Each structure stands twice: as structure tokens, then as C-alpha cells.
Amino acid sequence: MKKTWWKEAVVYQVYWRSFYDSDGDGYGDLQGLIEKLDYIKHLGIDVIWLNPCYESPDKDNGYDISNYYTIMDKAGTMKAWETLLDEVHKRDMKLIMDLVVNHTSNKHPWFLESRSSKDNPKRDWYIWRDKPNNWRSYFTPSAWEYDETTEQYYFHSFAVEQPDLNWKNPEVREEIYKMMRFWLDKGIDGFRLDAIALLAKPEGFPDAANPNDIRYLTNNPGLHDYLREMNERVFKHYDIFTVGEVAFASPEEGLKYVAEDRHELHTLFHFEVCDEMPSWEPLRFKQIQKRWYEALWGKGWNSQFLNNHDHTRQVTRYGNDKEYRLESAKLLGTMLHTLPGTPYIYQGEEIGMTGVRFSSIDDYNDIAMKNKYEEEVAKGRDPQEVLESLQPLSRDNSRTPMQWDDSRHAGFTTGTPWIKVNPNYKDINVKQALEDPNSVYHYYRKLIQLRKENPVMVYGTFRDYTETEPYIYAYTRELDSERWLIVLNHCDHANDYELPAPLASYKRELLLGNYEDIQEHGAVLHMRPHEARIYKLV
Ligand code: ISL
């Protein structure tokens with residue numbers, strides 16, 4: 001297996017608008033991030049993924065870009081961004097930028113030109129048709145919006161304010177490659193490529209048999225030609241790391257994006273867990289891990305994550321955010337950092353932040369949730385019932401401000417935060433976590449340190465011994481003569497796990513665990529609620 005820095009790295013995702021506000025306007029900003037870089041470095045992070053901070057009308061929190069070459073006012077200035085890059089590099093970390101090239105804002109000058117007349121030179125930069133097909137978009141009942149000026153419909157995979165670029169047009173592609181080089185030449189270390197599975201559209205836009213199954217938006221023919229071209233024209237000329245957001249891919253499909261001999265992307269986020277497994281389903285999760293491992297190992301590289309700015313915090317969604325919050329947050333961290341692939345930490349995960357339930361739709365900001373709410377209420381459904389059905393997976397669950405301390409607004413801002421702070425900030429915050437040796441934060445530090453010192457956690461082969469076990473997840477990682485065993489009890493009650501013969505014959509040395517005293521009787525491990533252990537087998 002080829003060794004590279006991005007396989008060994010631990011990535012920290014900064015959703016800057018909710019990270020730290022340096023100027024009291026209620027939005028986190030780049031200067032705020034600069035002030036907290038030592039905190040991130042102290043955790044042991046190698047790479048920061050920064051959510052989009054380009055100029056934007058901000059209908060979808062920066063994923064609707066109106067100028068790729070400037071920084072949004074809320075985030076700061078280009079000068080602040082340059083200082084950020086410098087300060088990240090000074091601390092021996094790397095910075096990857098989130099980039100949205102599937103669509104722009106409807107306020108982008110390219111789109112303003114494109115919509116102005118049918119014979120405008122930029123008409124074909126977007127996708128226009130006389131008649132819509134029956135597709136939905138991610139955020140609206142139709143993927144087409146009628147535009148009166150030219151009496152045609154334009155295509156949008158997300159909100160109406162996010163028209164899709166026409167990747168078939170070579171001028172569009174050239175312009176995007178030029179823009180990518182602009183950022184790479186400034187010295188960034190790579191990209192997180194938003195919605196990259198959506199670039200290609202099917203010839204003629206045939207109606208879907210089931211318009212509610214929006215898989216038709218992704219993985220269409222021609223996509224990999226674009227990615228190969230992008231690599232050829234841009235990526236391969238830099239020592240960078242690219243991670244693609246690849247919705248609805250099977251492992252076989254996923255391999256096409258990341259196979260080392262195909263020269264497209266370095267790694268991907270697949271969403272078989274976050275988009276398709278609403279709550280914890282152990283047997284399904286283990287199957288997913290196994291299938292992706294078997295498809296990718298030795299050929300391409302995977303990522304490990306259970307939450308991000310689109311997905312409810314992992315301890316709430318997949319663990320226990322009540323009586324076992326600490327144990328559960330540590331168990332999930334142990335799992336993500338010991339499964340094969342690069343681990344991602346979403347800001348606040350390292351202190352075990354949880355999801356929220358706001359009592360009114362007015363407290364929510366997420367365009368996906370708000371559009372869905374309106375759509376359902378318009379059908380005559382009870383608003384309270386709709387609200388309650390949307391709360392568990394609202395993207396705002398993970399977008400509440402970072403909880404720094406127990407002061408007003410959790411120390412995030414001196415002004416009024418753009419979105420409410422989670423009311424549990426008095427108990428769950430960074431200050432508390434730094435002071436408490438038993439905190440999730442200190443556990444994550446140890447986990448990351450362990451990964452840095454032990455290549456087996458990165459390059460070791462993987463084997464699951466518990467494919468049919470409902471609660472215990474026990475697997476090994478092996479590299480040369482090094483053999484590690486990870487045992488997790490993903491459950492609110494204790495379980496005994498008897499090691500199978502090949503594992504029982506080794507001596508066990510505990511490297512890390514989330515309980516004080518280890519209980520084992522011969523080959524039987526007594527695993528308490530949400531207990532996690534990492535052993536070295538000798
Ligand atoms: O979160 C999802 C649904 O639960 C995902 O399917 C997600 O919407 C999709 O993968 C695309 O997300 C990305 O592009 C969107 C933006 O709103 C998201 O924040 C971003 O991560 C449009 O640019």
C-alpha cells in the first residue's frame with residue numbers, strides 16, 4: 001500500500017459560521033478560526049476542512065457561490081483568509097477548501113448573463129429546457145424553475161437559488177479549472193468537492209419511474225470523464241488531497257472515483273451510513289464497513305465519519321446522548337479512528353456536542369428543512385406534526401454554535417448568534433472539557449496520538465469477528481507482525497464477549513479504553529455500557 005500524508009491524517013471540519021465570532025456580528029469568522037487554531041492543533045489535527053466562505057447570497061450557507069474569487073463579508077476578507085492559511089501552515093497543519101462546482105448562486109454574474117436572453121454567449125453555461133421532466137431536486141418538488149425572461153426552465157439539483165452548471169460545455173470546465181488553480185496557487189492543500197457525483201446529467205433528461213427516488217441526480221454517464229480531465233488539467237500538478245462528496249454510490253461505484261490507477265480523486269465520502277441509515281443498525285453498519293473495505297482496500301482510499309454540517313451529531317443519532325453520553329462519544333470516536341480510512345472530526349464532536357430540538361420552525365435556518373416544512377404544511381398536514389417529523393434529521397442539529405464555555409451564548413459571540421446555542425452549553429463546553437481529564441476531548445487526543453505513533457491504525461488490514469453480533473463489534477487491524485484488537489459494546493447494557501479461538505490465544509495489552517478498570521475473565525471480556533477497548537495482541 002502506497003503511504004501518503006492524507007491517509008495518515010486526521011481531518012477536522014470547521015463550519016466557520018458556527019465556530020468562533022471575533023467581531024460580535026453573531027457569525028463565526030476567519031479571524032475567529034485563527035484565534036482558535038492552537039486549540040485545534042493541541043487536539044492533534046493535521047488537516048482542516050473549511051466550509052465554503054466565498055462570496056455568496058448565503059441562501060444555503062455558502063453553498064450558493066456568487067463569486068469564486070472573493071471571500072464573503074460575514075467570514076472576513078481575502079487578507080484574513082491569507083493570514084489563516086499562513087497560520088495553519090506555521091502550525092504544520094494543512095488547509096483544504098470546500099468547493100462547489102456543480103452549481104452556482106442564481107446571483108452569480110454567469111447566471112445573470114445566461115438567463116438574460118436565449119442567444120447570450122453564456123446561455124449554455126447552465127441547463128435550459130422548454131419543458132421540465134418529473135424530477136425532484138434535493139430541496140424542492142421540481143428540479144426545474146420557470147424563468148419568465150426567456151420562457152424556459154432552468155435545472156437545479158438543490159434550491160431554486162442554486163442553478164446547475166452545464167458541465168458538457170468545455171468553456172465552463174475551463175473556467176472552473178482556472179479557478180481551482182487560483183486557489184491551489186495560493187498554497188492550499190486540497191479540496192473537498194461538493195456534490196461531485198452530480199456533475200453529469202443524462203442525455204435528454206428522461207422521466208424517472210419513481211420521481212421520489214432522487215438517485216437519478218447522481219452517478220450519470222460522462223461523470224468520470226470530467227473527473228479524469230479535472231485531475232489531468234489541475235490536480236495532478238500539485239501535492240494535494242481531494243475528497244469528493246459522493247452521494248448514492250455502491251462500493252463498486254465508489255471505487256471508480258478513488259481507484260489509484262484511474263487518477264480522479266484521492267478519497268470520497270460515501271453516504272451509505274449518513275443518508276441511508278437513519279439510526280444505529282449494527283448488522284447493517286458492519287456489512288457496509290466490510291463491503292467498502294473489500295471493494296477499496298489496496299486500490300483506493302476511504303473516509304470515516306458519522307456526522308458533518310448536514311447530519312445530526314453522531315452521539316445523538318447513533319449513540320446515547322443521555323446517561324452514557326461520555327462513554328458513547330468515546331466509543332464512536334474509537335470506532336471511527338480504528339476503522340480503515342481517514343477519520344474526520346466535525347467541530348464539537350471532540351467534546352461530545354449533541355443535537356437540538358427547537359420548539360418553533362422560526363428558530364431553524366436550514367433551507368432543506370424549511371422548504372420541506374412548507375411543502376408538507378401546504379398539503380394540509382398539521383404544522384406541529386411536520387415540525388416534529390423533521391427535527392431529528394434537521395441539518396441545524398449540527399450547526400448550532402461551538403460551545404466554548406458556560407458564559408452567555410457559550411462564549412461563541414458577544415452579539416446575537418445567527419442560530420440559537422444548544423441549551424446544554426453550561427454542561428457541555430470546551431472549558432469544562434479541557435479541565436476534566438476524563439473528558440471526550442482528552443480521550444480524542446489520546447486516540448489521535450495513538451494513530452500518529454502506530455501505522456497499523458492506518459495501513460493495517462481489517463477483519464470483523466462479529467458480523468452477526470447485535471451489540472459487540474470486535475475487529476482486528478494487522479500490519480506485519482503488529483496485531484490490534486478493537487472491541488466495542490455499542491449498547492446501553494453490559495455484554496460479555498468471548499473471544500473466538502484465534503484471538504483468545506494471544507496475550508492482551510490494553511492500549512486505550514473508555515472505562516477505568518478493565519474486567520475480563522480468561523477469554524471472556526465483560527463489556528460495560530458503551531465500553532470501548534483497543535488491545536495490542538502479542
Ligand atoms: O445531507 C444530505 C441529505 O441528508 C446530503 O444528501 C446532501 O444534501 C448532499 O449530499 C449534498 O450536500 C452538499 O451540497 C449541498 C449543501 O446544501 C450541503 O450542505 C453540502 O454538504 C448543496 O451545495
Side-chain angles (χ1 to χ4, degrees), residues 11 13-18 49-54 56-66 68 72 96-108 111 136-140 143 155-165 167 176 191-199 212-219 223 243-249 253-254 257 265 268-279 303 305-314 316-318 344 346-347 355 364-373 389-399 419:
V11 184
Q13 181 189 350
V14 175
Y15 197 65
W16 55 267
R17 73 184 58 226
S18 298
W49 149 21
L50 184 65
N51 280 97
C53 57
Y54 318 90
S56 161
D58 229 10
K59 292 284 177 199
D60 185 21
N61 293 5
Y63 285 90
D64 47 326
I65 300 173
S66 53
Y68 285 102
M72 155 176 356
I96 66 171
M97 294 284 278
D98 202 327
L99 188 61
V100 190
V101 298
N102 176 67
H103 46 273
T104 67
S105 160
N106 60 343
K107 298 286 187 285
H108 194 294
F111 187 71
R136 282 189 64 93
S137 80
Y138 268 88
F139 300 163
T140 58
F155 181 76
H156 59 92
S157 296
F158 295 91
V160 168
E161 296 87 352
Q162 294 166 299
D164 282 37
L165 284 163
W167 271 76
I176 295 292
F191 291 116
R192 177 262 188 194
L193 293 156
D194 186 67
I196 205 70
L198 280 72
L199 299 192
N212 288 322
D213 184 355
I214 59 165
R215 280 159 205 271
Y216 45 72
L217 292 170
T218 59
N219 298 302
L223 173 67
V243 49
E245 191 201 27
V246 178
F248 301 128
E253 196 74 47
Y257 290 80
L265 305 178
L268 84 172
F269 298 123
H270 74 75
F271 289 88
E272 272 207 71
V273 180
C274 281
D275 269 358
E276 297 171 50
M277 201 183 89
S279 56
S303 308
F305 69 102
L306 284 177
N307 52 198
N308 60 27
H309 65 294
D310 290 333
H311 294 280
T312 303
R313 289 187 172 280
Q314 62 196 34
T316 297
R317 187 173 178 197
Y318 294 126
Y344 285 72
Y346 176 65
Q347 68 183 41
Y364 287 92
N365 165 280
D366 170 17
I367 189 172
M369 178 193 191
K370 292 200 127 171
N371 283 3
K372 191 76 189 155
Y373 177 85
S389 71
L390 296 175
Q391 279 171 332
L393 296 184
S394 164
R395 302 193 299 176
D396 287 338
N397 276 295
S398 56
R399 296 178 178 185
I419 186 169

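Atoms within a ligand are numbered from 1 in the order they appear, just like the ligands themselves. Note that the structure is a prediction, hence the values are computed from the model and not measured.
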Please state which option from Val246, Asp64, Asp60 has its nearest heavy atom closest to atom 16 (C) of ligand 1. Asp60
Look at ligand 1 and say whether His156 reaches it with a heavy atom at a distance under 4.0 Å. no
Give the residue, atom name and distance (to 0.1 Å) of the protein heavy atom nearest atom 12 (O) of ligand 1. Glu245 OE2, 3.0 Å
Taking only heavy atoms of His103 into account, list the atoms of ligand 1 that are under 4.0 Å away from them. 22 (C), 23 (O)
Region of Lys59 that comes within reach of ligand 1 [heavy atoms, distance under 4.0 Å]: neither
For Phe248, which part has a heavy atom under 4.0 Å from ligand 1: side chain, backbone, both, or neither? neither
Here the atoms of ligand 1 under 4.0 Å from any heavy atom belonging to His309 are 18 (C), 19 (O), 20 (C), 21 (O)
At what distance is the nearest protein heavy atom to atom 3 (C) of ligand 1, and which residue and atom is it? Asp275 OD1, 3.3 Å
Determine whether a donor-acceptor pair (N or O, by modelled atom type, separation under 3.5 Å) exists between the side chain of Ser105 and the backbone of Ile65. no
Give a yes or no on whether the backbone of Arg399 and the side-chain of Ser18 come within a donor-acceptor separation of less than 3.5 Å. yes
So which heavy atom in the protein is nearest atom 7 (C) of ligand 1, and how far is it from that ligand atom? Asp310 OD2, 3.9 Å
Between the main-chain N or O of Leu223 and the side-chain N or O of Trp167, is there a donor-acceptor pair closer than 3.5 Å? no
Would you say the side-chain atoms of Tyr63 pair up with the backbone N or O of Asn51, donor to acceptor, closer than 3.5 Å? no
Check each atom of ligand 1 against the heavy atoms of Arg395 and keep those under 4.0 Å away; list them by number with element. 16 (C), 17 (O), 18 (C), 19 (O)
Thinking salt bridges, do Asp58 and Arg17 make one under a 4.0 Å N-O criterion? yes
Can we say Arg215 and Glu253 salt-bridge, meaning some charged N sits less than 4.0 Å from an Asp/Glu carboxylate O? no
Taking the basic N atoms (NZ, or NE/NH1/NH2) and the acidic carboxylate oxygens, is any pair closer than 4.0 Å for Arg136 and Asp213? no
Element-labelled atoms of ligand 1 that are located less than 4.0 Å from some non-hydrogen atom of Phe139: 17 (O)
Considering only protein heavy atoms, which is closest to atom 13 (C) of ligand 1, and at what distance to one decimal place? Asp194 OD1, 2.8 Å
Compute the minimum heavy-atom distance from Arg399 to ligand 1 and say whether it is under 4.0 Å. yes
Looking at Met369, Lys372, Lys59, Gln162, which one forms a side-chain contact (heavy atoms from CB on, under 4.5 Å) with Phe139? Gln162
Do Asp275 side-chain atoms and Glu272 backbone N/O form a donor-acceptor pair below 3.5 Å? no
Which bit of Phe271 is near ligand 1, meaning a heavy atom under 4.0 Å away: side chain, backbone, both or neither? neither
Could you find the nearest protein heavy atom to atom 15 (C) of ligand 1 and give me its residue, atom name and distance? Phe158 CE2, 3.7 Å
Backbone N or O of Phe111 within a donor-acceptor pair of the His108 side chain at under 3.5 Å? no
